[in-house]
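Comments concern the structure below.
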Amino acid sequence: MRKIGVAVVMVVIVAGCGSSSPAAHTTTKTITETDTTATTATGTTTSTTSTTASIPTGGPVPAGFEPSSFTAISDTNWWLIGQAPCSVKPCTSIVRTENGGASFVGLPAPRTSQVSQIRFANPRDGYAFDPELWMTTDGGESWTQLTAPQGVSDLEISGGYAYAVTAVGSGQSILERFPVGSSVGDTLPGAGHPIGGLWAQGATVIVDSQTNNASGNEMLISQNNGETFQRFAPPPSVACNFQAPDPSVIWAECPTGMLSGVWLSTDGGANWQATGGDAHASGMPAEPNSAAFGAASGTTAVYGYQQLYRTGNGGKSWSELSKPAGITGWNYVAFTDPLHGVALGQSGGNSEQLYYTTNGGLSYHLVSIN
């Protein structure tokens, strides 16, 4: 597992073993959503609007629920998708918290075992994917499967759009763009054939793509919601995981073979500097190519496999983080803002647990879901 979306403005609902879950019901609650645009550099502001909508209230969290993907629309509103033991397969389940993990409810999940990742744009509109693609517009009370014959490997939401890396056969993929809440999308030809690294924030979209002659890869960056892309040389690797939490600053965590390395660009991708791992920078051991990585800001990131390491100075040095008792490895690290983030830790077998940080990755505490 390499991706769990956490961009603020993205996610799902009442978990359960398909329709057999006691949480799969139609009870709803009304919410008020406020849409406010901040003052721009020119002093122009937009009006504030409020709308009301119904979303599922939720039911019991399935016993034994284990998450595989996390996403959030704020510091307190999160959703996770995963699996829970059930008598009638599929056992795909979704849970939601509205109080920062103090308590969870289960929500209806797509009736399939072919999804493992989740993203939401707001309390109503969300997607479950990998490899199938499903969409909800009612907070997860119901799900509709969208056409993706070859499967969707990655999806991110920002600026009113969902961007999906969709396989088209012969080992190639395309980047599709869906207006949030719509099942009809369009292909973004400027993205070429993506191989990984999808990142979206505001109008910025970044993707790692094959070169035109398929002899290598290139980093493509759009500043206009994918209408056009500019080409840059990525670090000396393939299928990088790009993260750009600050303007002009891009982190790249990339496989180098059996290992992985971390690079940093402070000029929008024009140049890269090795900062850790198999990038051969000092102070950071090389980790397997399945290592977890999350960037909290342009200077702060967390990286590791069996052990997590943190930098707060742009990779100039890394510090070993305290590891919770029983955790044998880390499958995912991500941040929603410079202070708040999550990690999925593995304890024995395939059991996964959710950890949360409120201090930029300096420490993590266990979040009880069940």
Side-chain angles (χ1 to χ4, degrees), residues 1-6 10-27 55-73 76-120 123 126-132 134 136 139-143 292 324-334 336 341-357 364-370:
M1 169 178 29
R2 298 280 291 174
K3 287 283 288 189
I4 297 180
V6 290
M10 317 194 248
V11 229
V12 153
I13 23 245
V14 194
C17 306
S19 60
S20 65
S21 167
H25 53 72
T26 58
T27 302
I55 61 173
T57 56
V61 173
F65 173 78
E66 291 189 14
S68 62
S69 179
F70 166 100
T71 192
I73 59 172
T76 56
N77 289 47
W78 322 333
W79 293 254
L80 298 100
I81 192 170
Q83 297 285 311
C86 68
S87 57
V88 180
K89 297 182 182 299
C91 299
T92 305
S93 302
I94 295 170
V95 300
R96 181 188 70 209
T97 179
E98 296 179 288
N99 52 23
S103 62
F104 288 83
V105 296
L107 301 175
R111 286 288 297 162
T112 179
S113 61
Q114 300 301 302
V115 291
S116 64
Q117 306 294 305
I118 193 168
R119 306 284 187 271
F120 262 75
Y127 302 83
F129 67 98
D130 189 25
E132 294 178 352
W134 293 68
T136 180
E141 186 65 29
S142 62
W143 291 86
I327 294 298
T328 58
W330 298 96
N331 294 326
Y332 187 75
V333 175
T336 57
V342 298
L344 289 181
Q346 185 166 316
S347 58
N350 293 317
S351 178
E352 288 189 307
Q353 295 177 305
L354 177 66
Y355 287 83
Y356 191 52
T357 179
Y364 288 84
H365 64 266
L366 177 66
V367 177
S368 177
I369 298 176
N370 291 281

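For the numbers below, each heavy atom of this structure counts, side chains included, while hydrogens, waters and symmetry mates do not. Note that the structure is predicted; figures quoted are calculated from it, not measured.
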Rounded to the nearest 0.5 Å, what separates atom CH2 in W79 from atom OG1 in T97? 9.5 Å
Test side chain to side chain contact (heavy atoms under 4.5 Å, CB included) applied to T76 - qualifying residues, sequence neighbours left out: S74
Provide the closest heavy-atom pair for A84 versus A63 in the form atom of the first, atom of the second, distance. CB-O, 3.8 Å
Pair D130-V115, side chain to side chain contact (heavy atoms under 4.5 Å, CB included): steps then yes or no: CA-CA 5 Å; D130 189 25; V115 291; over 6 Å; no
Can you check whether T92's main-chain N or O pairs, donor with acceptor, with S113's side chain at less than 3.5 Å? no
Measure up the Y364 and W330 rings against each other and bin them: parallel (under 30°), tilted (30 to 60°), perpendicular (over 60°). tilted
Show the nearest heavy-atom pair for residues T136 and S142, with the distance to one decimal. OG1-O, 2.9 Å
Between Q346 and S351, does any side-chain donor sit less than 3.5 Å from a side-chain acceptor? no
Can you tell me how far the CD atom of Q117 sits from the CZ atom of F129, to the nearest 0.5 Å? 5.0 Å
Rounded to the nearest 0.5 Å, what separates atom OG1 in T57 from atom CD in E141? 8.5 Å
Listed partners of P131 passing side chain to side chain contact (heavy atoms under 4.5 Å, CB included), at least two apart: Q114
Just how far is it from atom NE2 of H365 to atom CG of L354, taken to the nearest 0.5 Å? 8.5 Å
Closest non-hydrogen atom pair between F65 and G82, with its separation: CE1-N, 3.5 Å
Checking S93 side chain against C91 main chain: does a donor-acceptor pair fall under 3.5 Å? yes
Return the CG to CZ distance between L80 and R96, rounded to the nearest 0.5 Å. 12.5 Å
Given side chains that start at C-beta, do those of S116 and I81 come closer than 4.5 Å, heavy atoms only? no
Give me the ring orientation class for Y356 and W78: parallel if the planes are under 30° apart, tilted from 30 to 60°, perpendicular past 60°. tilted
Within the structure provided, determine whether I73 and P123 are in side-chain contact (heavy-atom separation under 4.5 Å). yes
Treating S69 as the side-chain partner and I118 as the backbone partner, does any N or O pair qualify as donor plus acceptor under 3.5 Å? yes
Looking only at heavy atoms, what is the nearest atom pair of A292 and N331, with distance? CB-C, 4.0 Å
Evaluate the side-chain proximity of P67 to I369: yes if any heavy-atom separation is below 4.5 Å, no if none is. yes
Identify the heavy atoms of V367 and G101 that sit nearest to each other, and give their distance. CG1-O, 3.7 Å
Heavy-atom closest contact (Y355 atom, G345 atom, distance): CD1-N, 4.3 Å
